[in-house]
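Report on the structure given below.
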Amino acid sequence: MGKKKKKASLAIDWVKVVELLLISRAIDDLEERELVPQKKIFYQFSARGHELVQILVGMHLTDPNDAASAYYRSRPLLLTLGLSVEDAIASDMARSGGYSDGRDIGVVCNLPGVGIPKVLPMAGDVGSQYTPATGYAQAIEHRRTFFNDKKYDHSISVIFGGDGSVATSGFWSALTMATTLKLPVLFIIEDNDYGISVSGKLQTPGGNIAENLKSFQNLKVYDGDGTEPEEALQLISEATAYVRSKQGPALLRVHVPRLNGHSFQDNQAYKDDQLLEAEQHRDPLMKLKNLLIPEIMSTDDWDEKVLAVNERVRKDAERASERDEPGVDTLYSVYSGQYPESQLIGGLAAEKITLPEGTEEKQPETQRINIVEAVRRTLENELRLNDRLLVFGEDVGMKGGVHAATMGLQSQFGGHRVFDTSLSEEGIIGRSLGLAYGGFMPVAEIQFRKYADPATEQLKNAGTLRWRTANKYAAPMVVRMPGGFAKCGDPWHSESNEVFFARMPGWKVAYPSNAEDAAGLLRSAMRGNDPVIFFEHRNLLDSRVARRPYPGDNYVVPFGKANRLTEGSQVTIVTWGAMCERCEEAAGLSPYSVEVIDLRTVMPWDREMVFSSVKKTSRCLVVHEDMITAGFGSEIVSAITEELFYELDAPVLRLATADVPLTYNVGLMNHLLPDKNDILQKVEEVMSY
Ligand SMILES: Cc1ncc(C[n+]2csc(CCOP(=O)(O)OP(=O)(O)O)c2C)c(N)n1
């Protein structure tokens, strides 16, 4: 018996490794040979060639609070961490249960371990796995350092990706976060030289990310062959031990072959025969067999195992196919209150932490404050109330934010509660997801609404998270963002475009028009269990008209509850944000009796109040600042027309900005924005029918 083999046999349960690898192969075989051709499965990605590394990593995730962020080729990892074969196949067949209860494709995985290592919810976008998993590492770090929580003392976050994924902005954003903050993250790059058909040399110069990152500060780099059992084990043991020892992040690149097409449909015509054959010679299953036979297993043992595994997988597949079709009970449910129970992982609710509900009764102070101060005071109050609440973003720390809404909070609560981030919006929102998974309430600032664009992928995924994991995971968070016109406009700082978020399932959207509502809505959002976009209109931040007395430390404004600004009987104006002031002024000057409704939240919006007002007036005008085409006003007009057609005496009209951005030139900007004269004219028009 070779010396090397003895060492390997002592270090890990190789029989278990074999068993898991055979199970993974048997599932791939069954799916490819039968279930896909029979059209029982539509998406099939084989893990052949990648399994050994994933299984060995899975066996090193031993801490109850470890987390892994997986990939569509990660089934061997999930099987190692406890996924049942039946669940794996049921997910692929879109049957009930599984990862998503039939909502998502069967390779987009998650495994919500509570008190055991978990697999964070994957998303279909390559590269999107990196920043949430790094945010989870920040949660680990925060818990052990500032809560002195011993349960997280040795926990780590592990992220899997392919050679193609190292070109994504998510990868670089996460790498920056992990290395600047020295977080307990292990990046594992399963490098099979191809991203579908594209060479790894187009993803990073020379094709080897480990080589290129050797001089990256605060990053320990490992590189080796992911098909050689002992070498892979050595690398994985060292890399996981390094990250567990709190020395900082590490990156492990393992070279593996992809022993099949990218997915079932891919025939690999872009690889020549020589390469295809050479890849088969690197099969880790064969290398494992050579290592274990005869020292640890006999050939008969091996063959018996193969038969037993195939038999078991076939039985589990039958059970999976006998499972019910998923039900429709919660098919439309995207918010927390729409499910009978709280999510298993994410935010305070999953940890059974409850905050006071708050009250709609005001306890107003005498002095009027502006929106900036209302936001600052509310953040301050909630930071005091809830030690899981974290405030972060670009410049929110010592500077107090470019709009001064976090002024003084860092010195009061410390740099661990109120902190600056690197300049990556994808990082800010991805981190928020990870922090939420780790049991925190993230309150992120995006400096200007337009600069949320780079975070779109993470924002969308945060919104659909609850739905696509069938309420297993959720990421409640608040994302504050100033937008809209100010003393001048421009295409970058003045965008409103709230409709974009209103169309992202799972998000609630607040757009306060005054300081009192800002305090109440922000508090509602921070004590809630859903993700919220919180607009802070630039022109209202310090405006005289938006000032109100601070309504008290427990004051909340529920979402979906509009505010009637003026009572009227002849025409209803529905509006929100900075247009409220203009509509109210126009109502005062109008010869007609005008009812102005401030929606306060556009998602959800108060259909009840709007409909009852329009029933009374029979005429309606919707006014908003955002561009007119497909703006949120279109939704309101459609809803009123559908519901109240026979009650209307005139078509429901819209007044909004034309379909161009606002301008730097003040005269041009004012020309574009609806003003009180435009509103009066439009009221006249709606009354003229
Ligand atoms: C943002 C995004 N762009 C494109 C795709 C389509 N796509 C899916 S997998 C893939 C290749 C990824 O290659 P790699 O990271 O090397 O992983 P491998 O498949 O080789 O394991 C592409 C382009 C995607 N899912 N997401």
Side-chain angles (χ1 to χ4, degrees), residues 24 28 32 42-55 57 68-78 104-109 121-133 158-175 187-210 212-213 223 226-227 251-271 275-276 279 282-284 424-427 429-430 453-462 464 468:
S24 176
D28 282 336
E32 288 174 353
F42 304 116
Y43 277 83
Q44 210 282 339
F45 290 76
S46 159
R48 276 190 212 92
H50 289 233
E51 305 101 326
L52 176 66
V53 167
Q54 293 181 25
I55 293 165
V57 173
S69 201
Y71 219 28
Y72 45 84
R73 228 178 276 295
S74 293
R75 190 159 50 202
L77 170 80
L78 276 99
D104 201 349
I105 53 177
V107 293
V108 174
C109 55
M122 191 199 145
D125 331 75
V126 167
S128 67
Q129 70 270 40
Y130 286 108
T131 53
V158 178
I159 318 171
F160 288 83
D163 45 285
S165 75
V166 305
T168 63
S169 53
F171 175 75
W172 291 99
S173 174
L175 200 61
F187 296 83
I188 298 182
I189 306 303
E190 297 170 62
D191 184 346
N192 60 25
D193 303 316
Y194 285 88
I196 308 186
S197 65
V198 178
S199 161
K201 294 196 172 77
L202 273 183
Q203 315 291 1
T204 191
N208 181 339
I209 190 70
N212 293 334
L213 287 175
D223 188 8
T227 67
L251 179 137
L252 165 61
R253 172 207 175 243
V254 278
H255 196 216
V256 292
R258 195 188 71 200
L259 297 175
N260 35 255
H262 168 72
S263 64
F264 179 80
Q265 285 76 11
D266 175 25
N267 64 9
Q268 304 206 77
Y270 44 86
K271 291 183 182 172
L275 174 60
L276 288 168
E279 285 185 333
R282 292 171 57 218
D283 184 346
S424 165
E425 285 72 18
E426 147 125 34
I429 305 301
D453 289 2
T456 303
E457 178 180 87
Q458 296 296 342
L459 286 166
K460 282 184 146 177
N461 295 348
T464 54
R468 64 195 159 81

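Counting starts at 1 for both ligands and their atoms, in listed order.
Listed for the Gln54 side chain is no donor-acceptor partner under 3.5 Å among the backbone atoms of Leu52. Side-chain N or O atoms of Arg258 include none that pairs as donor or acceptor with a backbone N or O of Glu279 at under 3.5 Å.
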For ligand 1, what N or O to protein N or O distances fall under 3.5 Å?
unit_1, atom_1, unit_2, atom_2, d
ligand 1, 15 (O), Tyr71, OH, 2.5
ligand 1, 15 (O), Gly164, N, 3.2
ligand 1, 15 (O), Ser165, N, 3.1
ligand 1, 16 (O), Asp163, N, 3.2
ligand 1, 16 (O), Asp163, OD1, 3.3
ligand 1, 16 (O), Gly164, N, 2.7
ligand 1, 16 (O), Tyr194, O, 3.1
ligand 1, 17 (O), Tyr72, OH, 3.1
ligand 1, 19 (O), Tyr72, OH, 2.6
ligand 1, 19 (O), Arg73, NH2, 2.7
ligand 1, 19 (O), His262, ND1, 3.4
ligand 1, 20 (O), Asn192, OD1, 3.1
ligand 1, 20 (O), Asn192, ND2, 2.9
ligand 1, 20 (O), Tyr194, O, 2.7
ligand 1, 21 (O), Arg73, NE, 2.9
ligand 1, 25 (N), Gly124, O, 2.9
ligand 1, 26 (N), Val126, N, 3.0

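No side-chain heavy atom of Asp283 sits under 4.5 Å from any side-chain heavy atom of Thr227. Looking only at side-chain heavy atoms (C-beta outward), Tyr71 and Ser74 come within less than 4.5 Å of each other.
With sequence neighbours left out, Val108 forms a side-chain contact (heavy atoms from CB on, under 4.5 Å) with Asp104, Ile105, Met122.
If you check the side chains of Asp28 and Gln44, you find a donor sitting under 3.5 Å from an acceptor.
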